[in-house]
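Working notes, beginning with the structure itself.
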Amino acid sequence: MVAAALAWRQDNLGGPGYRQRMRTFSADLSRSWRQPRPHHRNRPADAQTDQRTPAGEQLSGGTSAEEATAALKAASQSVHDELKARAAHATGDGKAVLEATALMAKDTMLIKGAAKLVARGLSSERAIWESGSSVAEMLHNLGGYMAERATDVLDVRARIVAELRGVPAPGIPTSSTPFILVAEDLAPADTATLDPNKVLALVTAGGGPQSHTAIIARSLGLPAVVAAVGVDELADGTEVYVDGASGSITADPDDSLRAAADAWAATASLLAEFSGTGTTADGHLVPLLANVGGGKDAEAAAKLGAQGVGLFRTEFCFLERDTEPSVEEQAAAYKSVFDAFPGKKVVLRTLDAGADKPLPFLTDSTEPNPALGVRGYRTDFTTPGVLDRQLEAIALAEQQSEADVWVMAPMISTAEEAARFASMCADAGIKTPGVMVEVPSAALTAEAILREVGFASLGTNDLTQYAMAADRQLGPLAGLNTPWQPAVLRLVGLTVEGSHAEGHNKPVGVCGEAAADPALAVVLTGLGVTTLSMTARSLAAVAAVLKTVTLAEAQQLAKLALSAPSATEAKAWVREKLPILEELGL
């Protein structure tokens, strides 16, 4: 949920090599002063740290290479342990990101590369800095999902340098008053631990609308504006109006914008609760489900009224593991989610490893293009047995719970793959197999695929980036990487049409971030999508908008969006027909 607000910009991120610039986001009405930054605005991150770790800095005379390497490994372990401890108190997307970043702190390539540089005479600080640069550059050149991991490498190297130097690690500024956080980019590990009571919104110059930082922000209930141009030109202390819905920032707002912010504050309470029934104005039921990553997420979603789980990301149970969890360990993790929704549907996605979620025991980190490589269901081609054991664990957990468990495989591209997965589920005793529709080929052949399985769920984040050939992490491509693209909406429609053509009208849901956009939720309903799954914080806003339109009106809005020549116009045309959005500050 996004909204308009007045706020003073604050940008005060410190720590070695941590750069910040501005962009805008907002959720509540507040004011705070933007404080001065400890680093010069335009100085490159490496140059900032070079003041503390000079280029070519050598080992001190009294320190041997063995001692420096030991200190480096100890600092790496300390950073790993600190991030792991933070992960223990996080949930969902935030927990997964912290665990993945913790794993990066002990990355073999990063640490071995630094150890080799120490052996050549560099100090441990300079060695980890240069090794981090090399690893990050390699990941960046790989593109796609792996390019995002470069941010994590740069984050952990700065933390390791800070640990070696005995200075505070880079992080989010502290403030006694709420503020809007502005950054050139933000490490996912920091985004994951933001306090929504203090940080009202995030604004970044980099990234895209489906980047992990943006997704985590939404899961925290924080509006986010990414890939903002020129935000670093705002002077310190400028009062700004932030409209998260439109992605606009207005300096020195006038009385009308102040009134808009006041209106949002007055209506925010209307979006605080979800009744537990998603429906259109004429009674057409659209179950609103939650995306979760574990038991704590599921419990929180149940309290917010979610009608079930539309996406249980099981890879969260595998992150930070060097070896595969046992069947019993997995079953216990799955049961914690199932138990939060007795008698209700829980859709579980099998392990979506690979690309941005590498696992040492399952994936190949040397793939030249991981986003198009062995990920998701495809890992069973190269490492058979892991998926079979996961399905065994799911069946075991289901036997011990009262949830209605559905299981879907990610990265299914063909009917043949769907049939094989359905057979594997049957062998494990799982009654309702399905597929994720993330690859355009799956949408185009939905009829054939749905002859083999019982349901489909559209992962609009990946479907969009694959359909538009646009990396979802790249700010310059943010305009392409939106599910409002008519081509993406057409793929959604084709999937629904495939279900109808198959003859049994099998369920077709959406579990990507598109479902959390109230206006887009109306369009998806009009296209024939049967369920919508989203971060639990978005349930109330989506429900509030859905119940203001009839199914026929939603269908007309879907046709309107499909007829638009661009994503921008599709979104604008639909929003213009939904005055409730303006009334609720959405």
Side-chain angles (χ1 to χ4, degrees), residues 1 245 274-275 277-289 307-308 310 437 440 442-447 449-450 455-460 463-464 467 482-534 538-584 586:
M1 179 180 68
F274 169 45
S275 67
T277 302
T279 179
T280 60
D282 56 342
H284 174 71
L285 296 178
V286 186
L288 302 184
L289 314 175
Q307 294 177 258
V437 176
L444 295 171
T445 60
E447 179 182 354
I449 285 176
L450 283 167
F455 71 98
S457 185
L458 289 139
T460 52
L463 183 62
T464 299
T482 165
W484 281 101
Q485 287 288 351
V488 176
L489 296 178
R490 181 60 181 142
L491 289 171
V492 173
L494 285 173
T495 305
V496 173
E497 291 172 17
S499 173
H500 296 165
E502 187 273 337
H504 294 88
N505 289 327
K506 293 179 179 178
V508 175
V510 168
C511 63
E513 290 297 310
D517 179 339
L520 193 48
V522 171
V523 171
L524 295 171
T525 299
L527 288 170
V529 166
T530 54
T531 60
L532 299 169
S533 190
M534 64 204 74
S538 297
L539 291 166
V542 171
V545 175
L546 266 181
K547 68 182 181 182
T548 67
V549 298
T550 65
L551 177 59
E553 289 169 341
Q555 291 169 340
Q556 287 301 314
L557 290 175
K559 291 179 181 177
L560 181 65
L562 286 171
S563 70
S566 71
T568 301
E569 287 167 294
K571 183 176 182 178
W573 290 359
V574 170
R575 290 184 62 85
E576 185 180 1
K577 300 291 184 180
L578 293 171
I580 185 65
L581 296 172
E582 184 78 17
E583 294 171 20
L584 295 179
L586 298 171

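For reference, positions follow the sequence shown, starting with 1.
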Can you name the nearest heavy-atom pair linking Leu557 to Lys577, along with the distance?
-> CD2-CB, 3.4 Å
N-O pairing of Lys506 and Glu447 below 4.0 Å | no
Closest contact, heavy atoms only, Ala564 versus Trp573 = CA-CZ3, 3.4 Å
Minimum heavy-atom distance Ala561-Pro486, with the two atoms named = O-CG, 4.1 Å
Counting distance only, does the side-chain N/O of Gln485 pair as donor-acceptor with the main-chain N or O of Ala487 below 3.5 Å?
-> no
First locate atom CD of Glu553, then atom CG of Leu578, and finally report the distance between them rounded to the nearest 0.5 Å.
-> 9.0 Å
CG-OG1 distance between Asn505 and Thr530, expressed to the nearest 0.5 angstrom | 10.0 Å
Distance from Lys547 atom NZ to Thr279 atom OG1, nearest 0.5 Å?
-> 10.0 Å
4.5 Å side-chain heavy-atom contact, Val510 and Thr531 | no
Rounded to the nearest 0.5 Å, how far apart are CG of Leu285 and CG of Leu551?
-> 11.0 Å
Closest non-hydrogen atoms of Gly310 and Cys511, given as atom of the first, atom of the second and distance, are O-CB, 4.0 Å
Glu583 and Ile580, any side-chain heavy atoms less than 4.5 Å apart | yes
From OG (Ser533) to CG (Leu458), nearest 0.5 Å | 12.0 Å
What's the spacing between Asp282 CG and Thr550 OG1 if we round to 0.5 Å?
-> 5.0 Å
Could you walk me through whether Thr495 and Val529 pass the side chain to side chain contact (heavy atoms under 4.5 Å, CB included) test, one step at a time?
-> CA-CA 9 Å; Thr495 305; Val529 166; over 6 Å; no
Enumerate donor-acceptor pairs with a distance under 3.5 Å from any side-chain N or O in residues 515-526 to protein atoms, sequence neighbours excluded.
residue: Asp517; atom: OD1; partner: Ala519; partner atom: N; Å: 3.0
residue: Asp517; atom: OD1; partner: Leu520; partner atom: N; Å: 3.4
residue: Asp517; atom: OD2; partner: Trp484; partner atom: NE1; Å: 3.1
residue: Thr525; atom: OG1; partner: Ala521; partner atom: O; Å: 2.9

Before giving the answer on side chain to side chain contact (heavy atoms under 4.5 Å, CB included), spell out for Leu463 and Leu491 the whole-Å C-alpha distance, their side-chain angles and the decisive distance to 0.1 Å.
-> CA-CA 9 Å; Leu463 183 62; Leu491 289 171; 4.0 Å; yes
Looking at Phe274 and Leu539, what are the two nearest heavy atoms and their distance?
-> CD2-CB, 3.9 Å
Could you pull out the closest heavy-atom pair between Arg575 and Leu581, with the gap in Å?
-> NH1-CD1, 3.6 Å
If we ignore angles and hydrogens, is there a donor and acceptor under 3.5 Å between the side chains of Glu569 and Ser566?
-> yes
Is Val437 close to Val508 at the side-chain level, that is, under 4.5 Å between some pair of heavy atoms?
-> no
Among Leu527, Leu444, Thr445, find the one that has a side-chain contact (heavy atoms from CB on, under 4.5 Å) with Leu494.
-> Leu444
